[in-house]
Amino acid sequence: MKILLITHYYKHKNAMASVRFIKLAKYFAQEGVDVTVLTSMQKDNWCKQEMIPELASNIREIYAPEHRGMKWLRKVYELAQKRGKKRLKKIKNEEKDIDNPKATSSQVKIGILQNIKSYITWLYYYTCDRLENYFLYKGLINEAKKVNLKDFDYVIATYPGAGVHDAGVWIKKTGRAKKFVADYRDPAYNPGGRSRKIEAIHDKKVQDRAVYTADLIVCVSKGMAETLIAQYEAEKIAPVFVVNNGYDLEDHITLENNFFDKDKFNFVYTGALYNGRRTVEMLAEVLKEILEEGIITKNEIRIHYAGSDYLELLSQLKPYGLEEIAMDHGYVTRSESLAMQKEADVVLLLNWNQDNYTGVIPGKLYEYMASKRIICALIMGNKSKSETAKMIREANLGCACEEAEEKDKEFMKKYMVKLFEKFKSGEHIQIESDNIQQYEYSHLAKKYLTILSIKK
């Protein structure tokens with residue numbers, strides 16, 4: 001049986017988004033499937049570190065070169081970013097003046113002018129996003145033609161981005177694969193998360209193209225699957241299944257260590273903060289109270305961060321007087337990230353759950369399971385009973401604090417006090433759960449193959 005996997009994020013990108021298809025390809029091949037992976041060398045602004053991929057002997061891996069159209073687009077984009085940083089400071093100052101009831105008519109005119117400039121800026125970035133996905137699509141299908149990819153039983157394309165799903169649709173419609181599977185790591189259509197209606201309309205069109213062409217649809221969470229089904233309630237679409245992300249125990253075999261001072265209680269977070277959409281503020285509020293009560297001292301606590309948003313982390317901690325307990329490790333490799341998790345006393349999981357955007361389960365949750373570290377999940381948003389919190393509580397993996405549930409903060413405070421007491425007494429802190437084996441990628445790959453009716 002032959003399967004073509006299409007993804008933007010693969011071995012050449014040091015990003016959590018790469019893991020799902022790296023592992024599915026690995027374990028599909030181990031199950032005897034003839035696996036080909038088509039990915040793109042097109043750079044993006046989200047992945048901060050490119051890597052030299054180590055090719056597998058039992059998987060055909062094709063790295064499509066970046067489309068020539070991206071070269072000029074990136075130059076323009078980088079120039080706009082530099083100008084945008086300077087302009088942002090000016091905008092904020094002007095907005096303060098406009099909010100002032102004593103603002104002059106000239107200042108109001110500046111506000112109107114700024115609204116026009118803001119629209120032009122949005123239109124520019126929106127156009128860039130559309131072009132990036134178009135070039136991603138063109139680069140993938142051009143390479144597919146060049147190497148003559150054909151005769152596949154299934155093509156599985158994973159979203160994001162839109163260009164990847166469009167390439168999967170093209171593979172199916174040109175007869176190069178018998179069936180198309182639309183795989184969703186993230187929701188494609190989320191009207192609540194868009195600032196303008198035109199963005200939501202475009203997202204729906206992207207999703208429609210994939211959904212109406214797909215023979216099967218696979219989502220990484222139950223909530224995401226239920227949301228997608230509800231969006232097409234009155235229409236007949238392909239069957240929708242759930243295959244979670246997971247972890248690979250082989251990844252956690254590492255000789256890297258000694259990242260932290262073992263005399264400190266070490267929290268660890270590795271990853272993006274999305275301009276404050278992910279936040280540690282609920283934990284900071286609890287820690288401030290615990291410190292004021294003298295249960296533990298600042299000198300005994302550290303919050304270790306690895307990523308590119310350290311200044312954002314400091315801004316979240318500063319109102320609580322905790323910026324001095326933060327430590328920046330910069331942008332690290334995935335193996336270093338796993339090693340940091342393994343040495344932590346508590347690993348932080350930052351997420352959100354809100355109307356029109358439910359069922360988002362960070363891939364990091366599954367890595368944390370394998371590390372055996374206590375998980376502290378901080379879940380922002382106006383909706384409670386998130387899938388992430390439910391998984392943590394049912395498997396006894398740590399504590400989950402949801403912004404929508406005020407009582408959760410009190411529970412987290414009690415939980416942290418117990419952990420600090422164990423730490424001070426020298427007791428080993430580690431989760432003990434027998435309910436996580438179902439998330440091993442070797443098991444998930446077999447589940448995926450069963451859905452495809454390749455493996456019974």
Side-chain angles (χ1 to χ4, degrees), residues 1-9 17 19-29 31-39 137 140-141 144 149-189 203-246 359 361 363 438-439 441-456:
M1 188 63 66
K2 291 180 65 178
I3 293 180
L4 172 63
L5 302 177
I6 307 181
T7 177
H8 188 192
Y9 295 93
V19 178
R20 181 174 176 83
F21 266 34
I22 290 175
K23 298 307 178 183
L24 288 177
K26 171 184 174 180
Y27 286 107
F28 282 174
E31 290 295 313
V33 176
D34 184 343
V35 179
T36 298
V37 177
L38 175 62
T39 188
Y137 161 74
L140 289 168
I141 68 168
L149 293 179
K150 61 181 182 179
D151 299 328
F152 293 96
D153 296 289
Y154 286 93
V155 54
I156 307 175
T158 189
Y159 181 93
V164 174
H165 263 190
D166 287 345
V169 169
W170 180 85
I171 291 286
K172 164 73 184 296
K173 288 188 173 181
T174 56
R176 295 165 186 266
K178 295 175 184 175
K179 294 183 179 181
F180 167 53
V181 180
D183 186 273
Y184 286 94
R185 292 195 321 268
D186 291 309
Y189 175 57
D203 291 345
K204 184 63 163 58
K205 288 181 179 178
V206 168
Q207 182 172 284
D208 285 348
R209 279 198 298 271
V211 168
Y212 294 146
T213 308
D215 298 281
L216 293 169
I217 299 168
V218 177
C219 300
V220 297
S221 71
K222 182 180 177 182
M224 197 181 297
E226 289 174 345
T227 299
L228 191 144
I229 291 169
Q231 290 168 354
Y232 297 90
E233 188 175 6
E235 303 171 72
K236 185 178 180 180
I237 62 172
V240 181
F241 299 91
V242 175
V243 178
N244 299 84
N245 285 320
I361 304 175
Q438 61 182 308
Y439 299 113
Y441 264 114
S442 57
H443 171 82
L444 294 170
K446 291 177 182 177
K447 179 180 179 180
Y448 215 125
L449 293 175
T450 300
I451 290 170
L452 301 182
S453 299
I454 296 172
K455 208 76 173 172
K456 295 296 184 182

Got [X] and [Y] here, is their nearest side-chain heavy-atom distance under 4.5 Å?
X	Y	value
Tyr154	Leu216	yes
Lys26	Tyr441	no
Leu449	Met1	no
Ile451	Val181	no
Arg20	Val220	yes

Partners of Lys179 by salt bridge (charged side-chain N to carboxylate O under 4.0 Å, His left out), sequence neighbours excluded?
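Checked Lys179 against salt bridge (charged side-chain N to carboxylate O under 4.0 Å, His left out); zero matches.
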
My understanding is that only residues two or more places apart in sequence, or in another chain, count here; which of them pass salt bridge (charged side-chain N to carboxylate O under 4.0 Å, His left out) with Lys178?
Asp153

Nearest-0.5 Å distance, [atom1] of residue [X] to [atom2] of residue [Y]:
X	Y	atom1	atom2	answer
Gln231	Ile229	CD	CD1	10.5 Å
Thr158	Phe21	OG1	CZ	4.5 Å
Met224	Tyr184	CE	OH	10.5 Å
Ile141	Arg176	CD1	CZ	9.0 Å

Quick one: ring-ring contact (aromatic ring centres under 6.0 Å, His included) partners of [X], sequence neighbours excluded?
X	value
Tyr439	Tyr366
Phe241	none
Phe28	Tyr448
Tyr9	Trp46

For [X] and [Y], which heavy atoms make the closest approach, and how far apart are they?
X	Y	value
Ala445	Tyr27	CB-CB, 3.4 Å
Ala214	Ala238	O-CB, 3.3 Å
Leu444	Gly246	CD1-CA, 3.6 Å

Is there a donor-acceptor pair closer than 3.5 Å between any side-chain N or O of Lys447 and the backbone N or O of Val242?
yes

Closer than 3.5 angstrom, by distance alone: can the side chain of Thr39 be matched with the main-chain N or O of His8 as a donor-acceptor pair?
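It does hold such a pair.
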
Which of these passes side-chain contact (heavy atoms from CB on, under 4.5 Å) with Ile3: Leu452, Val155, Thr36?
Leu452

Please list, chain by chain and in numerical order, all residues satisfying side-chain contact (heavy atoms from CB on, under 4.5 Å) with Ala25, sequence neighbours excluded.
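Once residues adjacent in sequence are excluded, the partners of Ala25 under the side-chain contact (heavy atoms from CB on, under 4.5 Å) criterion are Leu5, Tyr10, Val35, Val37, Ile59.
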
For Ala144, which residues count as a side-chain contact (heavy atoms from CB on, under 4.5 Å) partner, sequence neighbours excluded?
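Expected list: Leu38, Leu149, Trp170, Ile171.
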
Glu233, CD atom: more than 12 neighbouring heavy atoms under 6.0 Å
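Atom CD in Glu233 is not crowded, with 12 or fewer foreign heavy atoms closer than 6.0 Å.
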
Who are the side chain to side chain donor-acceptor pair (under 3.5 Å) partners of [X], not counting sequence neighbours?
X	result
Asp151	none
Lys150	none
Tyr232	Gln207, Asp208

Go through Lys172 and Asp215 one step at a time and tell me if the side-chain contact (heavy atoms from CB on, under 4.5 Å) criterion holds.
CA-CA 10 Å; Lys172 164 73 184 296; Asp215 298 281; 3.0 Å; yes

Go through the steps for Ile361 and Asn245 under the test side-chain contact (heavy atoms from CB on, under 4.5 Å), then give the verdict.
CA-CA 8 Å; Ile361 304 175; Asn245 285 320; over 6 Å; no

Side-chain donor-acceptor pairs of residues 161-169 under 3.5 Å, sequence neighbours excluded:
{"from": "His165", "atom 1": "NE2", "to": "Ala157", "atom 2": "O", "distance (Å)": "3.1"}
{"from": "His165", "atom 1": "NE2", "to": "Asp183", "atom 2": "O", "distance (Å)": "3.2"}
{"from": "Asp166", "atom 1": "OD1", "to": "Arg209", "atom 2": "NE", "distance (Å)": "3.0"}
{"from": "Asp166", "atom 1": "OD1", "to": "Arg209", "atom 2": "NH2", "distance (Å)": "3.4"}
{"from": "Asp166", "atom 1": "OD2", "to": "Arg209", "atom 2": "NH2", "distance (Å)": "3.1"}

